[in-house]
Amino acid sequence: MVYDVVIIGGGPAGLTAGIYSKRALLNSVLIDRIGVGGQIIVTDLVENFPGFLETSGADLAGKFEQHARKFGLEIKTLVDVSGIEDRGKTKVVQTSDGNIETKTVIIATGTTPRNLGAKNELELKGRGVSYCATCDGFFFREKTVVVVGGGDSAITEAIYLAKMAKKVIVVHRRDKLRAEKINQEHAFSNPKIKFVWDSVVEEITGKQVVEKVVVRNVKTNTTQEIITEGVFIYVGLIPNTGFVNVRKDEWGFIIANDKMETSVNGIFVAGDCRVTPLRQIATAVGDGAIAAVSAERFIEE
Ligand code: NAP
């Protein structure tokens, strides 16, 4: 059996591609190495997806899935993709569940949070070092936590953590945040959130669990210790694109044109794992729709 479309990745981009491809009556399957939803399922508050004034990422992901299933999208979870063989007219997607032959592929595999590279970070992972405030924030009720980074992830998660922690200290390597202005305003006006500017976390220490971090000011080269029980790291994203051989930028994000076509005929991309000026649910959804329509036209032609 040869599918029309194999969608790899079950976040907003992949599920939207699923909805559009099924409505085009294509024989499509979506596969995900974990479950559907993608990274948004660990986002506590979403307030910039049009039509939803305030919702949680998990709730929105559930609605996307329900919508895709309504049109009969086949979904395979806990299936890992290791490679894609280009046979010209068809592609063979190599998975932990066997090979799947298809006319087109849409890659919507998103990204994984990056490690900071601080001393003892990996040793103390799960023992105070975390990459997911929604998952672990609860353990830090009435405690002091450090958040590393200055992008939207760091700032929105700092705001989330401030709901339960006693104090949130954001350590950022510059004196300006990268995050959206509205997120910045929310953080600056939150009395529980403090900032340590121009500084990097060099070391995380603790015998069994995190006890403190050593922070160096990059302008003065002085170091200080911050007593904390939790360190939440949000220093950017690594694209999940290692399994596919298409043109990428120096960081591994897939390069595509405005039709979401990659450098290989019949392989399309959508969402956070591509080179894009904005990584949001709204843009991922738009990419997914375009990728599915492009796949449909490719098959017709
Ligand atoms: P990001 O925008 O790439 O920000 C990463 C942050 O980490 C930057 O502030 C960067 O500093 C800092 N950083 C990178 N490497 C570092 C290092 N080695 N040491 C210390 N700091 C380091 O990543 P993100 O915040 O995960 O966001 C990814 C995308 O998702 C963005 O497009 C973002 O807008 C989107 N997003 C949106 C929302 C929302 O609510 N709208 C929420 C989450 C994510 P510099 O600023 O100095 O480069």
Exercise. Is the backbone of Gly117 close enough, under 3.5 Å, to the side chain of Asn115 for a donor and an acceptor to pair up by distance?
Worked result: no

For this session: Ignoring hydrogens and angles, tell me if any N or O in the side chain of Glu180 forms a donor-acceptor pair with the backbone of Asp152 under 3.5 Å.
Result: no

Problem set entry | N/O donor-acceptor pair under 3.5 Å between His172 side chain and Lys176 backbone | yes

Problem set entry | hydrophobic_cluster_shared for Ile31 and Phe243, side chain cutoff 4.5 Å | yes

Problem set entry | Derivation of the side chain to side chain contact (heavy atoms under 4.5 Å, CB included) call for Phe49 and Ile40 | CA-CA 12 Å; Phe49 189 66; Ile40 63 163; over 6 Å; no

Problem set entry | For the student: nearest non-hydrogen atoms of Thr144 and Ile169, plus distance | CG2-CD1, 3.9 Å

For this session: To the nearest 0.5 angstrom, please state how far the NE2 atom of His186 sits from the CD atom of Glu47.
Result: 6.0 Å

Exercise. Which heavy atom of Val285 sits nearest a heavy atom of Pro12, and at what distance?
Worked result: CG2-CB, 4.1 Å

Problem set entry | Short side-chain to backbone donor-acceptor contact, Ser28 and Leu26, under 3.5 Å | yes

Problem set entry | Leu45 backbone acceptor or donor facing Thr43 side chain under 3.5 Å | no

Exercise. So, are Glu65 and Arg69 salt-bridged, with charged N and O less than 4.0 Å apart?
Worked result: yes

Exercise. Between the side chains of Thr112 and Asn240, is a donor N or O closer than 3.5 angstrom to an acceptor N or O?
Worked result: yes

Exercise. Do any N or O atoms from the side chain of Asp249 and from the backbone of Phe253 form a donor-acceptor pair under 3.5 angstrom?
Worked result: yes

For this session: Kindly give the heavy-atom pair with the smallest separation between Asp175 and Asp198, and that separation in Å.
Result: N-OD1, 3.2 Å

Problem set entry | Lys248 side-chain N/O to Thr241 backbone N/O, donor-acceptor pair under 3.5 Å | yes

Exercise. Do you know which two heavy atoms are closest between Ser263 and Arg247, and how far apart they sit?
Worked result: OG-N, 2.8 Å

For this session: Using modelled atom types only, decide if a donor and an acceptor are shared between the side chain of Thr111 and the backbone of Asp272 within a distance under 3.5 Å.
Result: no

For this session: Can you see which heavy atom on Thr220 is nearest to which on Thr222, and at what distance?
Result: OG1-OG1, 2.7 Å

Exercise. Heavy-atom distance under 4.5 Å between the side chains of Asn99 and Glu85, does that happen here?
Worked result: no

For this session: Classify the angle between the aromatic ring planes of Phe195 and Trp197 as parallel (below 30°), tilted (30 to 60°) or perpendicular (above 60°).
Result: parallel

Exercise. Does Ser130 use its side chain to pair, donor to acceptor, with the backbone of Asp136 at less than 3.5 Å?
Worked result: no

For this session: Give the C-alpha distance, both sets of side-chain angles, the deciding distance and a yes or no for side chain to side chain contact (heavy atoms under 4.5 Å, CB included) between Val275 and Trp251.
Result: CA-CA 10 Å; Val275 174; Trp251 296 284; over 6 Å; no

Problem set entry | Pairs where residues 138-163 contributes a residue and the test ring-ring contact (aromatic ring centres under 6.0 Å, His included) is met, not counting sequence neighbours | Phe140-Phe232

Seminar exercise, completed: Heavy-atom nearest pair, Asn27 first then Met1, reads ND2-CE, 3.3 Å

Exercise. Where the side chain of Arg114 meets the backbone of Ile233, is there a donor-acceptor pair that is under 3.5 Å apart?
Worked result: no

